[in-house]
Novice: 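Sharing a structure with you now.
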Amino acid sequence: MGLDLIVRRAVTPRQAEPHDIAVTGGRIVDVAPTIDAKAAQEIDAAGRLVTPPFVDAHFHMDATLSLGLPRFNQSGTLLEGIALWGELKPHLTQEAVAERALKYCDLAVAQGIGAIRTHVDVCDDRLLAVEALLHVRDQVKPYLDLQLVAFPQDGFFRSPNAGANLDRALAMGVDVVGGIPHFERTMADGAASVRALCEIAAERGLPVDMHCDETDDPMSRHIETLAAETIRLDLQGRVAGSHLTSMHSMDNYYVSKLIPLVAEAQVAAIANPLINITIQGRHDTYPKRRGMTRVPELTAAGVTVAFGQDCVMDPWYSLGTGDMLDVAHMAVHVAQMTGRNAMRTCFDAVTYNPAQILGLEGYGLEPGCRADFVLLQARDPIEAIRTRATRLAVIRRGRVIAETPARITNLALNGRPETFDPAG
Ligand code: FE2
């Protein structure tokens, strides 16, 4: 059998000993210490890390790269960001949203991202961002899996047409039901919105991913309702709570009951370390809360935890590079997850865990999986996070779709600057 591609001497996040990976027809067909065969293309990983693609579990592609439009966020707060987005919305065009999104997708692919779940605002009656991103989803499919969440950003009840618009967006082909309970007028409205949105998802057979409790208010407990509704409606394994920052500030006794409930409901947690550390704690003087949700504790309880980028160069966040290793690096610091296993957990939170949340078919590096992977200029996941390793080659369905030359480092283990040619 003629193989399309063999990657030689690759270590993987799950396999520290170098292995060969054989690919044909866009799938991995064999993984073994040595594969005695020829292929149309060979890449020598030379003991470096090959990982399944990075997956961004939480993003806002309708706003990305709009930095400075119509003005900059001077305070850097969530509320000024929301106000700014409101100012920009009337001036959005479908073409401009699509153009910025495509530009971001190029960046993401070059950084080894293979899938993104993006929330898209449905509170603009024109739904032009939905139209634009549905178009982008089709256009980037050969390179990137895009999943869209219908996001009633101004509140499902608070924004008059949000319910009708959300229905329209789902009918147009948006993949996931979103929500923002902490932004409704009252706690009671927030809980009611969680119930209503979970019912919509149950009726339509769709997953749920809500912005949930993105606040420092320890009494913001919509995650509790989200978990309970998940159980009531039999949605286990299909629901994610994004941000969950109030959990950082909650009473420990309450959390000792809450986390097992989240685990029982199989609700996944998506933290956004870059944004959480920037946006939360803004009303604090000192000590100043970090605001990120309780990642080690959720992980220990068996909850699937993923990290998202959330924002790149938009009304909420001026920075960002589309690099999930940046996100993992920040998480290591904010959550103080500096143990060896903890750092590997952070790597999983930008690869395997979000892939599971998005329900990506054939994700992984076993025979039968899709031949989607990234060759990094690093020897293991920890080094990859430390150096935000160069993505030497990005492979999709067995084809190299992006390459970046190796970075010269003066910390190579042999004491010599490292240069590495993925072509061998
Ligand atoms: Fe978000």
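All ligand and atom numbering here is 1-based and tracks the order in the structure.
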Novice: What pair of heavy atoms forms the shortest contact from Ala162 to Cys123, and how long is it?
Specialist: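 Heavy atoms of Ala162 and Cys123 come nearest at CB-SG, 4.0 Å.
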
Novice: Taking only residues two or more places apart in sequence, or in another chain, which ones meet Ala101 in a side chain to side chain contact (heavy atoms under 4.5 Å, CB included)?
Specialist: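 So Ala101 forms a side chain to side chain contact (heavy atoms under 4.5 Å, CB included) with Met61, Leu133, Val136.
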
Novice: What protein N, O or S atoms come within a distance below 2.8 Å of the Fe ion (ligand 1), ordered by chain and number?
Specialist: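 Only His58 NE2, His60 NE2, His211 NE2, Asp310 OD1 fall inside 2.8 Å of the Fe ion (ligand 1).
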
Novice: Keeping the roles fixed (side chain from Tyr363, backbone from Asp372), state whether a donor-acceptor pair exists under 3.5 Å.
Specialist: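 Flag not set: sc Tyr363 to bb Asp372 has no pair under 3.5 Å.
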
Novice: Is any NZ, NE, NH1 or NH2 atom of the basic residue among Lys89 and Asp62 found under 4.0 Å from an Asp or Glu carboxylate oxygen of the other?
Specialist: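 Salt bridge absent between Lys89 and Asp62.
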
Novice: May I ask you to decide if Met292's main-chain N or O and His248's side chain share a donor-acceptor pair within less than 3.5 Å?
Specialist: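 Pair found, side chain donor or acceptor close to backbone of Met292.
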
Novice: For Asp145, run the side-chain hydrogen bond (donor to acceptor under 3.5 Å, both in side chains) check against Arg396, Arg137, Arg370, Arg117 and tell me which one passes.
Specialist: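 For Asp145, the side-chain hydrogen bond (donor to acceptor under 3.5 Å, both in side chains) check succeeds only for Arg396.
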
